[in-house]
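All remarks here apply to the structure that follows.
Here, residue 1 is the first one in the sequence, and each next residue gets the next number.
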Amino acid sequence: MKKGFFLIIFSVFLLSFSFTTYGEPSVNVSAECAVLIERQTQRILYSKAAHKQRPVASISKIMTAIIAIENAHLNDYVTISKEATKQVGSSLYLPEGTQIKLRDLLYGLMLRSGNDAAYAIAEHVFGNVSTFVHYMNEKAKELGMFNSTFENPSGLDEESVNISTAYDMALLTKYAMDNPLFREINNTSRHKAETKDGMVYLWYNKHRLINHYDYIIGGKTGYTKLAKRTLVSVGKKDNLELIVVTLNSSDDWNDHLRLFDYGFKEYEMVTLLEKGIFESKELDKIFYVDDKIVYPVKDEELNQFKFVIDVDDLNRKTYLLLVNDKRVMLKKEIYLYDTTHSVLNDSFTIKDLWKGIILFIRELFW
């Protein structure tokens, strides 16, 4: 049974002196469902029906790509089957029997949204499409995509349909962007591929923002008559990386630009706690944090955050929680002080922290 929360005696949030309360952001988007999250912490910065289930069309291929990257050899040749060439909609138009490296096929999947590529990848990775789809759903469960069900690797919905939410697709994109190869593919404007018999293909990215805005570093388009327009975009300015997902949007490109403008203008990544040791007088214990804690915040929000300690006796773990108005915004496991840990080489103490705050205030007012 948990002992409850214990206030930590230091308060980085005191550096802000505003006590104004702010409501929901006034951003107008045409999408039926939309979400804007910060990638590292997954904090939701904007939400509109973000948990509503809808068909998601070709943004499903984000899951197809990451499953293939994690479960196959990228330099293996994939043979395009007759069934793969029968896939309707957007295609790479690779003839039956074509042999092409999986790595190149992934570029065709993401840049040109090739439904033939999706089918061929699924056949190659696990031998058949149904097994591949099973792994798609297992990965969705693993990632906490509890409102998502995948029935095919492409997003086509004539005979089967992939159902998800804007929020779930943002979680998937966050996970996929942690993979270096996916990140590279997702930020590519064009890719030159060559088949085993020497045929050369040049594929350009359908995501128009990647080619026209420096801070857009990735994304995936989607469209079917059932799903309507779906879009995923990833943007980065300085150390703030944002993900936008919209479903059923009549003006998706501008929706994404408006949400990115809002996120980059209003939020910045703030280091709330440095790596090192600190003391809890209530528990009479010294803990250490193995990495600094950063979080996306507005200037006026800093005074609203506080750290509390959560002791979980059942699992014998202790957590540092970042709390805002009784809501847990971030959870980080912390550890009892141990002189064998090298983290103490660059640690701070309670006095050091308070001294920094005092110096900051003095510089501000004197």
Side-chain angles (χ1 to χ4, degrees), residues 1-19 21 37-45 142-144 171 174-175 177-178 238-242 267-364:
M1 185 175 180
K2 294 184 178 181
K3 293 182 180 179
F5 296 155
F6 297 86
L7 289 177
I8 296 177
I9 64 174
F10 56 89
S11 307
V12 177
F13 59 89
L14 290 178
L15 295 181
S16 174
F17 300 95
S18 169
F19 293 89
T21 313
I37 71 168
E38 190 279 318
R39 191 186 71 83
Q40 183 176 342
T41 64
Q42 300 169 51
R43 183 184 183 185
I44 298 175
L45 311 184
E142 176 188 324
L143 298 180
L171 290 184
K174 182 269 179 211
Y175 175 81
M177 289 295 287
D178 287 338
D238 300 323
N239 63 341
L240 183 63
E241 190 166 317
L242 305 180
Y267 289 87
E268 66 175 320
M269 293 299 287
V270 176
T271 299
L272 299 178
L273 185 62
E274 294 288 350
K275 169 183 174 180
I277 63 172
F278 63 87
E279 177 187 6
S280 169
K281 286 190 174 181
E282 288 79 3
L283 295 178
D284 191 27
K285 293 179 180 178
I286 296 177
F287 297 95
Y288 75 89
V289 183
D290 60 5
D291 197 4
K292 65 181 179 180
I293 295 177
V294 295
Y295 201 71
V297 297
K298 297 181 179 181
D299 288 341
E300 64 268 12
E301 283 184 320
L302 280 171
N303 68 297
Q304 301 170 14
F305 288 96
K306 62 182 177 181
F307 284 111
V308 296
I309 292 180
D310 178 18
V311 180
D312 186 344
D313 287 332
L314 183 62
N315 294 311
R316 297 183 179 181
K317 292 185 177 180
T318 305
Y319 299 96
L320 190 63
L321 308 180
L322 181 64
V323 178
N324 182 1
D325 191 26
K326 298 182 180 179
R327 292 179 300 165
V328 177
M329 311 299 289
L330 184 145
K331 183 176 181 179
K332 170 74 174 176
E333 186 174 1
I334 57 177
Y335 310 91
L336 285 174
Y337 166 74
D338 186 336
T339 55
T340 64
H341 288 96
S342 61
V343 68
L344 300 180
N345 292 335
D346 55 358
S347 65
F348 61 88
T349 67
I350 294 295
K351 289 182 179 180
D352 292 333
L353 185 63
W354 276 104
K355 181 179 179 182
I357 291 176
I358 292 170
L359 289 175
F360 177 87
I361 295 173
R362 284 179 179 173
E363 290 178 3
L364 204 61

Q | Backbone of L314 reached by a side-chain donor or acceptor of D312 within 3.5 Å | A | yes
Q.
Using every non-hydrogen atom in the two residues, find where T41 and V294 come nearest and quote the distance to one decimal.
A. CG2-O, 3.6 Å
Q | L273 and its side chain to side chain contact (heavy atoms under 4.5 Å, CB included) partner, picked from V289, L322, D291 | A | V289
Q | Smallest separation among heavy atoms of K174 and Q40, with atom names | A | CE-O, 4.3 Å
Q. CD of E241 to CD1 of I37: how many Å apart, nearest 0.5 Å?
A. 10.0 Å
Q: First locate atom CG of L45, then atom CG of L242, and finally report the distance between them rounded to the nearest 0.5 Å.
A: 6.0 Å
(Q) Could you measure the distance from the CG atom of L320 to the CG atom of L330? Nearest 0.5 Å is fine. (A) 8.5 Å
Q.
Donor-acceptor pair, distance only, cut-off 3.5 Å: does the side chain of E301 make one with the backbone of K298?
A. yes
Q: Taking the side chain as every heavy atom from C-beta outward, state whether E268 and D299 have any atom pair closer than 4.5 Å.
A: yes
Q.
Does this structure show an ion pair linking K332 with D290, if we count only N-O contacts that are shorter than 4.0 Å?
A. yes
Q. Does a sphere of radius 6.0 Å around CG in N315 hold more than 12 heavy atoms from other residues, nucleotides or ligands, not counting ones at 6.0 Å or beyond?
A. yes
Q. Looking at T318 and F287, what are the two nearest heavy atoms and their distance?
A. CG2-CE2, 3.9 Å
Q: Output the distance between atom CG (L272) and atom CD1 (I293), rounded to the nearest 0.5 Å.
A: 7.5 Å
Q: Spell out, as yes or no, whether a donor-acceptor pair under 3.5 Å connects the side chain of R43 to the backbone of P296.
A: yes
Q | Pairwise distance NZ(K317) to CD1(I334) - rounded to 0.5 angstrom | A | 13.0 Å
Q.
If I take atom CD from residue E38 and atom OH from residue Y295, how far apart are they, to the nearest 0.5 angstrom?
A. 8.5 Å
Q: Could you check V323 against F307 for side-chain contact (heavy atoms from CB on, under 4.5 Å), going step by step and ending with a plain yes or no?
A: CA-CA 6 Å; V323 178; F307 284 111; over 6 Å; no
Q | Considering all heavy atoms, the nearest L171-L143 contact | A | CD1-O, 3.8 Å
